[in-house]
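Notes follow the structure.
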Amino acid sequence: MEHSPEQALRSALAEAGSPAWHVRAAAGRRLAAAPRIERITDALHRLLLDPQDTGVTSDTAAALLARRDLPGLRTVLAARAAASDEATADQLTAELDCDPRWATGEGAAELITQLRTLTSDTDPGVREEALLRLSRLR
């Protein structure tokens, strides 16, 4: 039996609360691939700031950045701004710094354009993280 996209989303949201880190990581990857992540940012935020395993943080952040879009980047920057645990903050920084788009001129230009757009975001944490990333390019 096939699941509708809405059923698959509900299933991934339920799995995001699993006690098993690998189930949460898989849920993060599936949720990051949802067409409109703006509807599920709270769940993504919890996965990005997973207090038990940075593997969940890493998989969710990498999947969000692989979208190559503004909402994915914004979600990772918001989590980085909110991260209070050092290991989680370091993992989010590593995912941002290792975004494969930095490896190509076209990808880097795309990422820089998105970061510039996010410097005027409504969330001060997102603005600060975007400005920080841009300042490191100089």
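With values rounded to the nearest 0.5 angstrom, Arg136 atom CZ is found 12.0 Å from Leu131 atom CG. In this structure, Leu77 CG and Arg133 CZ are separated by 6.5 Å, a value rounded to the nearest 0.5 Å. To the nearest 0.5 Å, atom CG of residue Asp90 and atom CD of residue Glu86 are 5.0 Å apart. Atom CG of residue Asp59 and atom CG of residue Leu47 lie 10.5 Å apart, to the nearest 0.5 angstrom. Rounding to the nearest 0.5 angstrom, the gap separating the OG1 atom in Thr57 from the CZ atom in Arg80 is 11.5 Å. The CD atom of Glu128 sits 13.5 Å away from atom CG of Leu118, with the distance rounded to the nearest 0.5 Å.
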- Task: Please test Glu110 against Gln114 for side-chain hydrogen bond (donor to acceptor under 3.5 Å, both in side chains), starting from the C-alpha separation and ending with a verdict.
- Result: CA-CA 6 Å; Glu110 174 185 272; Gln114 290 176 349; 4.7 Å; no
- Task: Go through the steps to decide whether Thr54 and Asp50 satisfy the test side chain to side chain contact (heavy atoms under 4.5 Å, CB included), and finish with yes or no.
- Result: CA-CA 7 Å; Thr54 56; Asp50 191 281; over 6 Å; no
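Contact record, Ala61 with Leu48: N-CD2, 3.5 Å, taken as the closest heavy-atom pair. Taking each heavy atom of Leu64 and Ile37 in turn, the nearest pair found is CD2-CD1, 3.7 Å. Here the shortest heavy-atom pairing between Asp69 and Arg67 reads OD2-NH2, 2.9 Å. Here the shortest heavy-atom pairing between Leu13 and Ala43 reads CD2-CB, 3.4 Å. When all heavy atoms are compared, the tightest approach of Gly107 to Arg68 is CA-NH2, 4.0 Å. Closest non-hydrogen pair, Trp102 versus Leu96, comes out as NE1-O, 3.2 Å.
Distance alone, capped at 3.5 Å, places no donor-acceptor pair between the Ser58 side chain and the Gly55 backbone. Checking side-chain atoms of Ser11 against main-chain N and O of Gln7 turns up no donor-acceptor pair under 3.5 Å. Using a distance-only test at 3.5 Å, with no hydrogens or angles considered, a donor-acceptor pair links the side chain of Arg24 to the main chain of Pro19.
Residues Ile112 and Leu65 share a hydrophobic cluster, clusters being chains of Ile/Leu/Val/Met/Phe/Trp/Tyr side chains in contact below 4.5 Å. Taken together through direct or relayed side-chain contacts under 4.5 Å among Ile, Leu, Val, Met, Phe, Trp and Tyr, Val23 and Leu49 form parts of separate hydrophobic clusters. Under a hydrophobic-cluster definition in which Ile, Leu, Val, Met, Phe, Trp and Tyr are linked whenever side-chain heavy atoms come within less than 4.5 Å, directly or via other members, Leu92 and Leu134 are assigned to the same cluster. Under the 4.5 Å side-chain contact rule for hydrophobic residues, Ile40 and Val76 share a cluster. Both Leu111 and Leu137 sit in one connected hydrophobic cluster of ILVMFWY residues. Membership requires side-chain heavy atoms under 4.5 Å apart, directly or through other members.
There is no side-chain donor-acceptor pair under 3.5 Å between Ser120 and Arg127.
For the pair Glu6 and Arg39, the salt-bridge criterion is met [side-chain N within less than 4.0 Å of a carboxylate O]. For the pair Asp121 and Arg74, the salt-bridge criterion is met [side-chain N within less than 4.0 Å of a carboxylate O]. A salt bridge links Arg30 with Glu15: the closest approach of a Lys/Arg side-chain nitrogen to an acidic carboxylate oxygen falls below 4.0 angstrom.
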